[in-house]
Amino acid sequence: TLLILAKPWASNEIDAEYGMASKDTSKSSACTIRLSGNERWIAYDLRYVQAGADFPGYYKDLNFGSAGVNFQLLANLRLETYYRDEKRNLSRDTNLVYAPRDRYYQFGMGYSNYVALYYRVNTQEGIFLPNSEYRRRENIVQARVGYNFEAMSVFANADFGTIQDRLLDKRYPSNRYSLNGSI
């Protein structure tokens, strides 16, 4: 196992790890790398993980990447972006029944903790094996309002959009509402 932790700048960090393992006659490896930082006008978190099918560690049979980048446009106004792509069952083992790929991206703007508006797309597909059982795409607009009081916080979310079943070629409305509070 090789581990690297570095702070090339005061508010940035690199975290990388590589490992190799043997089991019976097979060898498998895994690696992960993360670059994160937080400056006055930008915050980011970039991550990549790859682990072989026989790797005995925490991550196994996975290819994962994500990127979150937020820009502080004005004192309380921010632009937020996030992307994730995850593939599992890379060895295409039919005994596991499915081999999912999930892709997710979101972008939006927010003003302090008071109000935010986001657009997100989440695609879930079992595309790596023959006769895929599912292929869904969710398109959502989310509005969020909230306020931090001295002793408590209250937030409300409203999601409006559609879920598309790509195998059946059908669309369904999707609306979710939530109210959260903490003391």
Side-chain angles (χ1 to χ4, degrees), residues 5-17 32-49 51 58-60 62-88 98 100-126 133-168 170-183:
L5 291 172
K7 288 185 77 84
W9 305 280
S11 59
N12 298 280
E13 184 175 276
I14 296 173
D15 181 354
E17 186 175 1
T32 179
I33 186 164
R34 179 177 177 233
L35 173 63
S36 62
N38 192 358
E39 302 289 341
R40 185 181 59 78
W41 62 279
I42 188 172
Y44 56 89
D45 187 79
L46 311 171
R47 192 178 302 226
Y48 176 74
V49 176
Y58 178 77
Y59 295 112
K60 179 180 178 174
L62 169 74
N63 190 335
F64 172 85
S66 69
V69 182
N70 298 336
F71 300 94
Q72 196 72 38
L73 303 176
L74 298 172
N76 289 315
L77 185 65
R78 68 190 177 281
L79 174 67
E80 301 178 19
T81 64
Y82 180 75
Y83 176 78
R84 183 184 77 233
D85 191 349
E86 182 176 341
K87 300 173 201 155
R88 294 197 176 263
Y98 65 98
R101 180 175 189 185
D102 294 344
R103 283 174 289 179
Y104 176 96
Y105 64 86
Q106 173 177 295
F107 60 90
M109 292 186 83
Y111 181 78
S112 189
N113 284 332
Y114 302 128
V115 64
L117 185 65
Y118 302 104
Y119 174 72
R120 74 171 173 258
V121 175
N122 188 8
T123 305
Q124 300 171 330
E125 302 173 298
E133 302 253 343
Y134 63 96
R135 198 170 270 179
R136 291 183 293 272
R137 180 180 169 115
E138 178 184 59
N139 295 309
I140 298 292
V141 172
Q142 180 184 71
R144 185 181 77 213
V145 295
Y147 192 78
N148 291 322
F149 297 96
E150 187 174 321
M152 65 181 278
S153 299
V154 177
F155 293 94
N157 294 321
D159 294 1
F160 306 97
T162 61
I163 296 175
Q164 178 185 9
D165 185 326
R166 291 179 158 178
L167 292 179
L168 299 175
K170 292 186 177 185
R171 290 180 186 263
Y172 305 97
S174 175
N175 300 317
R176 290 185 290 256
Y177 309 96
S178 66
L179 178 63
N180 303 300
S182 63
I183 297 175

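Side chains are part of it too, since the values below use all heavy atoms of this structure and drop only hydrogens, waters and symmetry mates. Since the model is a prediction, treat every value here as computed from it, not as a measurement.
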Taking only residues two or more places apart in sequence, or in another chain, which ones meet [X] in a side chain to side chain donor-acceptor pair (under 3.5 Å)?
| X | value |
| --- | --- |
| Ser174 | none |
| Arg171 | none |
| Glu39 | Ser11, Asn12 |

Partners of [X] by salt bridge (Lys or Arg N to Asp or Glu O under 4.0 Å), sequence neighbours excluded?
| X | result |
| --- | --- |
| Arg84 | none |
| Arg144 | none |
| Arg34 | Asp45 |
| Asp15 | none |

Listing, residues 154-165 side-chain donor-acceptor contacts under 3.5 Å, not counting sequence neighbours, or none:
from   : atom 1 : to     : atom 2 : distance (Å)
Asn157 : ND2    : Ser178 : OG     : 3.4
Asp159 : OD1    : Gln142 : NE2    : 3.0
Asp159 : OD2    : Arg120 : NH2    : 2.8
Asp165 : OD1    : Leu167 : N      : 3.0
Asp165 : OD1    : Leu168 : N      : 3.1

Check each of Arg101, Arg103, Arg135 against Thr123 using the side-chain contact (heavy atoms from CB on, under 4.5 Å) test, and report the only one that passes.
-> Arg103
Who are the ring-ring contact (aromatic ring centres under 6.0 Å, His included) partners of [X], not counting sequence neighbours?
| X | value |
| --- | --- |
| Tyr147 | Tyr114, Phe149 |
| Tyr105 | none |
| Phe107 | Tyr119 |

Closest approach of Arg88 to Lys60 (non-hydrogen atoms, all atoms of both residues) =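 Here Arg88 and Lys60 meet closest at NH1-O, 4.4 Å.
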Contacts table for residues 71-79: side-chain donor-acceptor under 3.5 angstrom, sequence neighbours left out:
from  : atom 1 : to     : atom 2 : distance (Å)
Gln72 : NE2    : Leu74  : O      : 3.2
Gln72 : NE2    : Ala75  : O      : 3.1
Arg78 : NE     : Glu80  : OE2    : 2.3
Arg78 : NH1    : Ser112 : O      : 2.7
Arg78 : NH2    : Glu80  : OE2    : 3.3
Arg78 : NH2    : Ser112 : O      : 3.2

Can we say Arg137 and Glu125 salt-bridge, meaning some charged N sits less than 4.0 Å from an Asp/Glu carboxylate O?
->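 Answer for the salt bridge query: no.
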